[in-house]
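Have a look at the structure below, then the notes.
By convention here, the first residue in the shown sequence is residue 1. Because the structure is predicted, anything quoted here is derived from the model rather than measured.
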Amino acid sequence: MAAAVVDSAMEVVPALVEEAAPEAAGLSCLVNLPGEVLEYILCSGSLTAADIGRVSSTCRRLRELCQGSGKVWKEQFRVRWPSLMKHYSPTDYVNWLEEYKVRQKAGLEARKIVASFSKRFFSEHVPCNGFSDIENLEGPEIFFEDELVCILNMEGRKALTWKYYAKKILYYLRQQKILNNLKAFLQQPDDYESYLEGAVYIDQYCNPLSDISLKDIQAQIDSIVELVCKTLRGINSRHPSLAFKAGESSMIMEIELQSQVLDAMNHVLYDQLKFKGNRMDYYNALNLYMHQVLIRRTGIPISMSLLYLTIARQLGVPLEPVNFPSHFLLRWCQGAEGTTLDIFDYIYIDAFGKGKQLTVKECEYLIGQHVTAALYGVVNVKKVLQRMVGNLLSLGKREGIDQSYQLLRDSLDLYLAMYPDQVQLLLLQARLYFHLGIWPEKVLDILQHIQTLDPGQHGAVGYLVQHTLEHIERKKEEVGVEVKLRSHEKHRDVCYSIGLIMKHKRFSSVCESRERSVMNQVMFPCPASKAIIMRYGYNCVIYGWDPTCMMGHEWIRNMNVHSLPHGHHQPFYNVLVEDGSCRYAAQENLEYNVEPQEISHPDVGRYFSEFTGTHYIPNAELEIRYPEDLESVYETVQNIYSAKKENVE
């Protein structure tokens, strides 16, 4: 019966929304329903915010039911933006109508800014001050972030340019917030020993688009602690650790009781849950991110040690971190409290090696060298984080695919947040930005800071200052947009168009990205006589072309372009490659991919707005530069598929 009433009422509501006169017969029928039924109807999800607004204007009864702080507008807010509900406490008073309006306005402003980015920054990296529009917007930052996430989650292969810039803005906003939190964390006194919290900040900064929180990671660790307690109960049902409540920091002083905890931990972590040191893929940044260590159940010595340390301390075992060279360890005190201790009064625990307990001599065997007693000492949170970031910094220098050097940039940011006056790292950061061609104004600021800290760096600083100023002047001299018409006589030999998905022929490897060649030669130099080994046979998408090779003589010589039948006197194409690189390929080395697939490259959205399944459609900015290419793409695709159809028949 109740269901019938609701169904009947649901049919009446849309009619009432269209009626302006409150005297309508249907309205009287509806408002006489019990309040709970009316509320259920209005919260059912079939009415939009505009519908609710019109319904609430029909009479006093419905206006009261649709008051801003009531369930109706709360449900409208929840259905529209469900991910935001976690930011509200059930006990808080919230005017949901006002929240809806503020969130709606923030979304419109965010979309307006995202839409402007392609036109403003198509020809350059988004400058440091490019995000000021977002930073200066009024309203809660979480609303802007939520709108950016909504853009990223748009279905299908469209709006690629929007997604590209939404990702950049979200990346920047979250990193700035995390970096500020880390700096505040580093101001804590030395006895503040939340190693896990610091490690999570590093994890968050390097993965700002992932949903990583200390609360979630702690919850996962708490579940491991519960398993350890279950095992411990089988060893000693009266163990004091079993009585600990969540959040307590009590420590057990008896060695035997501590040993029982460690035995239970080793069983759960290494035997039951199968955690292990990642010997097969040691030099992988994922080994340093705590959320990934918990997901993949593997890591390197420092990340495995932090997990082990956190669990042990929650169960009352006062382990301490040891910044041991080449292999991070934990130490476990065996001496009596209050006595003078030396390095032989500790057992050293290798969390990477399944919790193995080591003597001083065994620690030296572990790394194959003798070390001084000072290296067995305990280190504070800042030193632990310094080592974690140092590992990421080393990995960032090794990376060979990501041409944005994002890991290197992130690790430099983190290291300099802890130690802002490290001259060599500041110089590396300035060189990195300079050779990536980004943020010239910031490069000058860094160089000025280096000169103040160490006047002896005048030579390196002077070189970079000179060339950075030249770069800024060249940017100022750039006028208009270069438009390339396929119909022009000098472009008659250009066979392929932007947006086409190509395949590099396997018989040659002459192609290279402009950025990578510069970075290899300047950031990590190698002898010019040595050939750069390139992978070929790759899939790619064209985002630009030149009628002949426009690179310098040195690049042409190093890449052995003269060995090609047509040499450098042939069209060359800028291509985005499936491995994440950007390369410059000769026309004779490319062929159309008759089985095109979407190219997974971080910069696809910078140039293209949509993937059709056969080719990419250039966005407005790229189309301005190549106005005749889109029509050519359609012709090429149609001809190829017609040929395929004829062959099949």
Side-chain angles (χ1 to χ4, degrees), residues 195-207 209-214 216-228 231 261-315 317 319 321-330 332 348-358 362-363 366-367 384-402 406-407 410-411 414:
Y195 299 95
L196 181 65
E197 183 179 353
V200 170
Y201 282 133
I202 292 173
D203 191 350
Q204 290 174 327
Y205 191 81
C206 294
N207 302 281
L209 301 183
S210 300
D211 189 12
I212 302 166
S213 70
L214 177 61
D216 291 342
I217 289 178
Q218 184 62 62
Q220 293 179 65
I221 292 176
D222 288 344
S223 67
I224 298 176
V225 170
E226 290 179 10
L227 292 175
V228 175
T231 300
V261 171
L262 297 181
D263 288 344
M265 282 178 54
N266 289 341
H267 172 73
V268 170
L269 283 173
Y270 305 112
D271 297 333
Q272 187 175 339
L273 298 179
K274 306 299 182 183
F275 277 85
K276 63 180 179 180
N278 195 347
R279 300 179 188 276
M280 299 298 294
D281 192 17
Y282 192 90
Y283 298 103
N284 187 330
L286 298 181
N287 293 323
L288 283 151
Y289 304 144
M290 294 308 296
H291 84 285
Q292 287 290 346
V293 171
L294 289 165
I295 291 171
R296 300 162 73 234
R297 300 189 181 183
T298 190
I300 59 174
I302 191 167
S303 56
M304 295 290 287
S305 292
L306 290 186
L307 175 62
Y308 199 98
L309 172 72
T310 302
I311 296 171
R313 289 195 168 194
Q314 283 189 218
L315 292 169
V317 183
L319 300 184
V322 177
N323 207 10
F324 202 65
S326 303
H327 200 103
F328 200 88
L329 296 171
L330 301 171
W332 174 28
Y348 299 88
I349 297 177
D350 179 14
F352 182 82
K354 296 189 175 182
K356 186 177 181 180
Q357 297 177 5
L358 308 171
E362 288 171 329
C363 290
L366 184 66
I367 63 171
V384 173
L385 300 187
Q386 177 188 0
R387 179 146 174 180
M388 292 191 81
V389 174
N391 286 337
L392 288 171
L393 192 59
S394 298
L395 294 174
K397 292 177 181 178
R398 292 164 57 102
E399 65 181 7
I401 293 179
D402 179 11
Q406 193 63 57
L407 180 58
D410 290 344
S411 52
L414 290 167

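The two residues A199 and M388 have their closest heavy-atom pair at CB-SD, 4.0 Å. Between P301 and S305, the shortest heavy-atom contact is O-OG, 2.7 Å. Closest heavy-atom contact between Q204 and L214: NE2-N, 4.4 Å. The two atoms that bring Q218 and Q314 nearest to each other are NE2-OE1, 2.5 Å, heavy atoms only.
With values rounded to the nearest 0.5 angstrom, Y195 atom OH is found 9.0 Å from L306 atom CG. In this structure, CD1 on I302 lies 11.0 Å from CG on L309, to the nearest 0.5 angstrom. Rounding to the nearest 0.5 Å places CD1 of I300 at 3.5 Å from CG of L288. If you take CE on M290 and CE on M304, they are separated by 9.0 Å, rounding to the nearest 0.5 Å. Here C206 contributes atom SG and L414 contributes atom CG; the two are 5.0 Å apart, rounded to the nearest 0.5 Å. The distance from the OH atom of Y282 to the CG atom of N391 is 7.0 Å, given to the nearest 0.5 Å.
Looking at heavy atoms from C-beta onward, H267 lies in side-chain contact with Q272 at the 4.5 angstrom threshold. Taking 4.5 Å as the limit, some side-chain heavy atom of Y289 sits within range of a side-chain heavy atom of L392. Proximity of I311 to L269: side-chain heavy atoms (C-beta onward) are separated by under 4.5 Å at one or more points. Between N323 and F328, the closest side-chain pair of non-hydrogen atoms falls below 4.5 Å. Between L307 and L294, some side-chain heavy-atom pair lies under the 4.5 Å cut-off. At least one side-chain heavy atom of N287 sits under 4.5 Å from a side-chain heavy atom of T298. Residues N284 and R296 have side chains in contact (heavy-atom distance under 4.5 Å, counting atoms from C-beta outward).
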Worksheet entry | side chain to side chain contact (heavy atoms under 4.5 Å, CB included) evaluation trace for L366 with L329 | CA-CA 11 Å; L366 184 66; L329 296 171; 4.2 Å; yes

Item to complete: Could you walk me through whether L358 and F324 pass side chain to side chain contact (heavy atoms under 4.5 Å, CB included), step by step?
Response: CA-CA 13 Å; L358 308 171; F324 202 65; over 6 Å; no

Practice prompt. Let me see the working for N207 and Q292 under side chain to side chain contact (heavy atoms under 4.5 Å, CB included), right down to the final yes or no.
Written response: CA-CA 11 Å; N207 302 281; Q292 287 290 346; over 6 Å; no

Worksheet item: When you look at Y205 and I212, which way does the side chain to side chain contact (heavy atoms under 4.5 Å, CB included) test go after all the steps?
Response: CA-CA 10 Å; Y205 191 81; I212 302 166; over 6 Å; no

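A donor and an acceptor atom, one from each side chain of Y308 and D350, are nowhere located under 3.5 Å apart.
Residue I217 is tested with T310, V293, D222, V200 for a side-chain contact (heavy atoms from CB on, under 4.5 Å); the sole match is V200.
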